[in-house]
Structure formats: structure tokens, C-alpha cells
Protein chains: 2
Amino acid sequence: MGTEPGLRERKKLQRRAAIEAAALDLFEEHGFDGTTTEQIAARADIAPRTFFSYFATKEDVVLADYAQRLDRIVEELARRPAGESPWDALRASLLVVASDYEDERSALMRRFRIMTTNPSVFARSLALQAGWEDTLSSVISGRIDTDGEQGGMLARLLAASALAAMRSAIRHWVTSGHRDPLPKLVTTCFDQLARGLADVP
Amino acid sequence: MGTEPGLRERKKLQRRAAIEAAALDLFEEHGFDGTTTEQIAARADIAPRTFFSYFATKEDVVLADYAQRLDRIVEELARRPAGESPWDALRASLLVVASDYEDERSALMRRFRIMTTNPSVFARSLALQAGWEDTLSSVISGRIDTDGEQGGMLARLLAASALAAMRSAIRHWVTSGHRDPLPKLVTTCFDQLARGLADVP
DNA sequence: TCAAAACATGCAGTGACTGCAATATTGCGT
DNA sequence: ACGCAATATTGCAGTCACTGCATGTTTTGA
């Protein structure tokens with residue numbers, strides 16, 4: 001059970017990291033479209049064919065961190081006290097990721113820049129976020145106290161709104177040159193949604 | 001200025017429609033991945049190369065209606081009285097599209113079915129919706145009465161939340177077998193967000 | 001030390017998509 | 001009605017992401 005990861009596992013992680021590093025460098029040098037998977041493979045010292053046993057698509061390399069982020073959110077969500085309202089639980093969980101983002105700002109910005117300048121990467125990013133929405137929605141529906149048949153819709157609305165808040169905050173954070181710390185912006189958005197959107201003049 | 005569309009324009013529309021019809025049929029017969037652009041071209045009686053002067057990608061054929069939907073929303077948004085709150089204006093505008101959806105239910109479901117079973121179509125759909133968000137956000141920021149530098153973030157939050165409401169409602173509409181009419185579900189979601197998410201138990 | 005499982009690699013192929021040059025069609029002034 | 005200019009369609013050749021399969025290599029656990 002609790003055995004150390006073997007040589008095989010370690011090599012796999014190393015390789016994955018090597019591919020990622022090689023790819024990001026090349027994307028910055030020659031652009032996303034200007035880089036072929038062969039070039040990435042060459043720089044990472046692997047066979048061209050091997051690239052695709054580590055990443056399903058070229059786009060996925062840019063978004064390699066999304067899976068762990070989601071894990072982190074779900075983990076945090078599970079840690080929240082049972083009495084807490086779904087919205088507060090979501091806020092707290094996403095704030096954790098927000099401060100991760102703040103800490104890894106420069107590394108993140110590399111990926112953002114590639115993402116925002118390339119439609120296919122951007123599209124893939126949205127698809128992954130939709131996956132987040134599905135997951136959060138089903139986790140939240142366990143915390144929701146509604147017996148009606150529309151509980152599913154409500155759960156999804158909560159998850160979708162939370163991610164909308166997060167994305168709006170991130171967008172402002174990035175376009176305003178990080179004037180305010182991300183967690184503060186995220187809090188502002190969550191507060192607005194908690195209070196309701198009717199009062200926006 | 002107000003001249004009739006010439007032969008050229010009419011033929012273009014006809015062809016576009018022919019390609020769309022051919023493609024949707026084929027997608028249903030052999031699946032999206034199981035259909036090539038050549039097959040579509042063959043059935044639409046055009047050269048393979050010509051397909052790509054009508055649609056940028058194979059995915060776009062499934063989502064051909066998105067552009068007009070957005071036009072419709074923006075148009076409706078412009079028609080809303082100046083005194084109305086941004087949120088109510090968004091609600092009214094999206095409700096128009098919601099009843100369009102309700103009316104075109106069966107035609108829509110064809111597209112939905114293809115969209116939800118194919119990751120790349122789904123991803124493209126999200127990208128187009130992100131475009132909606134951009135547009136709505138900038139239109140709404142004109143209606144927002146906030147001088148602060150965070151007005152942009154607020155505008156985006158409104159647009160993103162409105163679309164989140166719409167998507168949540170649509171999802172429920174589809175997965176629950178259209179038990180309730182879409183406009184009613186959309187209203188429910190908008191009401192919840194107007195009132196605030198803090199009160200969800 | 002050895003057999004089996006897991007993995008990397010090479011090869012050959014498919015199909016979306018592009019640029020370019022040639023050809024056809026339509027619009028319009030005369 | 002004619003012919004020129006603008007605009008579309010078409011064919012061709014090419015690039016590249018991605019896949020299945022067969023083969024060789026490394027790692028593991030007994």
C-alpha cells in the first residue's frame with residue numbers, strides 16, 4: 001500500500017515534466033502553432049510517438065495543471081464544516097486556489113499568455129472548466145438541502161456561478177496588471193453574488 | 001443601399017444551408033468523427049475544398065446558429081429601456097432566446113446531441129459562448145452606473161452569471177426531458193441570482 | 001535470474017486544414 | 001448584348017495532429 005513510488009513512476013513524472021518544460025519554452029519561442037509535437041519530442045529527448053502517451057493533445061500540455069487544481073478544490077470542499085452554506089463552502093474552496101494562483105503568478109502567466117492567444121487552447125481550457133463545473137455541481141448537490149426535483153439545477157447554478165465569479169476575477173486580475181491581489185477580487189465577486197445581482201445600478 | 005440581395009448572395013445562403021443539412025444528416029448517420037468533410041461536400045454537391053470557404057472547421061457546422069443568436073440578444077438588449085437595471089435587461093434579453101429555443105426544440109436537440117457526445121464540438125461551443133460573454137460584458141458596461149475601476153469586472157460578472165443561469169437552465173431542461181418550459185427555468189435561475197446565493201440552504 | 005507486465009519506439013496511415021494557381025461565375029458599365 | 005472586373009469555386013500538393021499496431025526495451029516481483 002504505502003510503498004514508495006518505484007523507478008517507473010519516478011521516470012514517468014520526470015518525463016512528463018520534461019515534455020511540459022520543453023513545450024512551454026518552444027511555445028514562447030515560436031508560438032503555439034509554430035511548434036510541432038515533433039519539435040517538442042526532440043527537445044524533451046523522447047520519440048515523437050511517445051508524446052501522445054503523456055498528453056492526449058498538444059493543447060493539454062499548456063493546461064497540465066488543471067486536474068490537480070480541481071483535486072485541490074474538491075479536497076478543500078470536503079474539509080468544510082457540514083453546517084456551512086453551499087455558497088460559503090464554494091467561496092472558501094475557490095479562495096484556496098486563488099491564493100495558489102497569486103503565489104504562482106509568473107508561472108501561470110506563461111500559460112495564460114499562450115492560452116489567450118490561441119483559440120484551440122482557450123477552447124480546451126473552457127472544456128476542462130466545464131468538467132470542473134460538473135464535479136463541483138455533484139459535490140455541492142450533496143450539501144444542498146432541497147428535496148425538489150430542481151435541486152440539480154440549483155446545484156449546477158451554484159457551481160457555474162462560483163466559477164463565473166472566479167473567471168471574472170481572474171480576468172480583471174490579469175488585464176489590470178495585478179493591481180489587486182486575486183483573493184481580494186474573488187471575494188468581491190463572491191460577495192456580489194451572495195448579496196444578489198438585483199442591486200447593481 | 002436597400003437593394004435586394006443579388007443572385008450571388010442568394011446562392012451563397014443556399015449552399016451554406018445545403019452544407020449544413022448534409023452535415024447534420026451525416027453526423028446522425030455515422031457520428032461526428034465517422035463523417036469526413038469530403039463526405040459532407042459530396043452530399044452537398046460541392047468540391048471538398050469549398051467546404052472550408054463556408055465553415056472554418058467541421059465543428060462550426062453544428063454551431064452555425066450561434067452568431068445569429070448573439071445578434072438577437074444584443075438587439076434585444078439595445079431595445080431595453082435606459083432606466084432598467086442591468087440584470088433585468090439581461091434577463092429579458094436572454095428570455096427571448098429561451099423562447100426561441102423552446103420553439104425550435106427538436107431542431108436544437110439534433111445539434112445538442114452531437115455537441116454533447118463530441119468533446120471538440122463541445123469545446124468549440126464553449127469558446128463561442130465565451131465570445132458572447134465578451135460582447136454582453138461590453139454592452140452591459142455601458143448600462144452600468146459605476147465609476148470605479150472595477151466596473152469592468154462587475155460588467156463581466158453580470159454577463160458571465162447571466163450565461164451561467166442560461167446554461168444551467170438549459171442543462172436541466174434537456175436532462176429532465178423538457179418537463180418544464182425553458183423560459184420558466186431560466187426565470188427561476190435569474191430570480192435566484194437576483195436574490196443572492198447566500199440564502200441557499 | 002527469469003517471466004511477465006508496462007512502457008517506449010517505429011511505421012504506416014487517416015483526415016482536417018492551408019496556400020496557391022487555375023478556372024468558372026456573377027455583377028455592372030457601356 | 002458584350003466584355004471587363006470582381007468574386008467564387010475548384011484542384012493540387014503539402015503540413016501536421018493524432019491513431020493502431022507490431023516490435024523492441026526496461027522494470028518489476030517472484
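Here is how names work: the chains are called A, B, and so on, in the same order as the sequence lines, proteins then strands, and each is numbered from 1. In this text the structure is predicted, and so the values were computed from the model without any measurement.
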- Item | Atom-pair distance (CZ on B:Arg15; C1' on C:dT25), nearest Å | 10 Å
- Message: Below the 4.0 Å mark, does C:dC7 have OP1 or OP2 next to a side-chain nitrogen or oxygen of A:Lys12?
- Response: yes
- Message: Quick test of your reading of the model: are B:Arg111 and B:Glu104 salt-bridged, counting only N-O distances below 4.0 Å?
- Response: no
- Message: Under 4.0 Å between a side-chain nitrogen and a carboxylate oxygen: does that hold for A:Arg171 and B:Glu133?
- Response: no
- Message: Whole angstroms only, please: what is the NE2-P distance between A:His30 and D:dC16?
- Response: 13 Å
- Task: Give a yes or no on this: more than 12 heavy atoms of other residues, nucleotides or ligands lie within 6.0 Å of atom CD of A:Glu38.
- Result: no
- Once you round it to whole Å, what is the distance between C1' of C:dA6 and CZ of A:Arg8? 4 Å
- Message: In whole Å, I'd like the distance from the CZ atom of A:Arg10 to the P atom of C:dA6.
- Response: 19 Å
- A:Gln14 CD - D:dT26 C1' separation (whole Å): 15 Å
- Message: Can you pull out the residues from residues 35-63 of chain B that lie within a 4.0 Å heavy-atom distance of DNA chain D?
- Response: B:Ile46, B:Ala47, B:Arg49, B:Thr50, B:Ser53, B:Tyr54
- Task: Respond yes when some side-chain nitrogen or oxygen of B:Lys11 is under 4.0 Å from OP1 or OP2 of C:dT26, and no when none is.
- Result: yes
- Do the rings of A:Tyr101 and A:Phe112 sit parallel, tilted or perpendicular, given the 30° and 60° boundaries? perpendicular
- Can you say whether the rings of A:His178 and A:Trp173 are parallel (under 30°), tilted (30 to 60°) or perpendicular (over 60°)? perpendicular
- N-O pairing of A:Glu76 and A:Arg72 below 4.0 Å: no
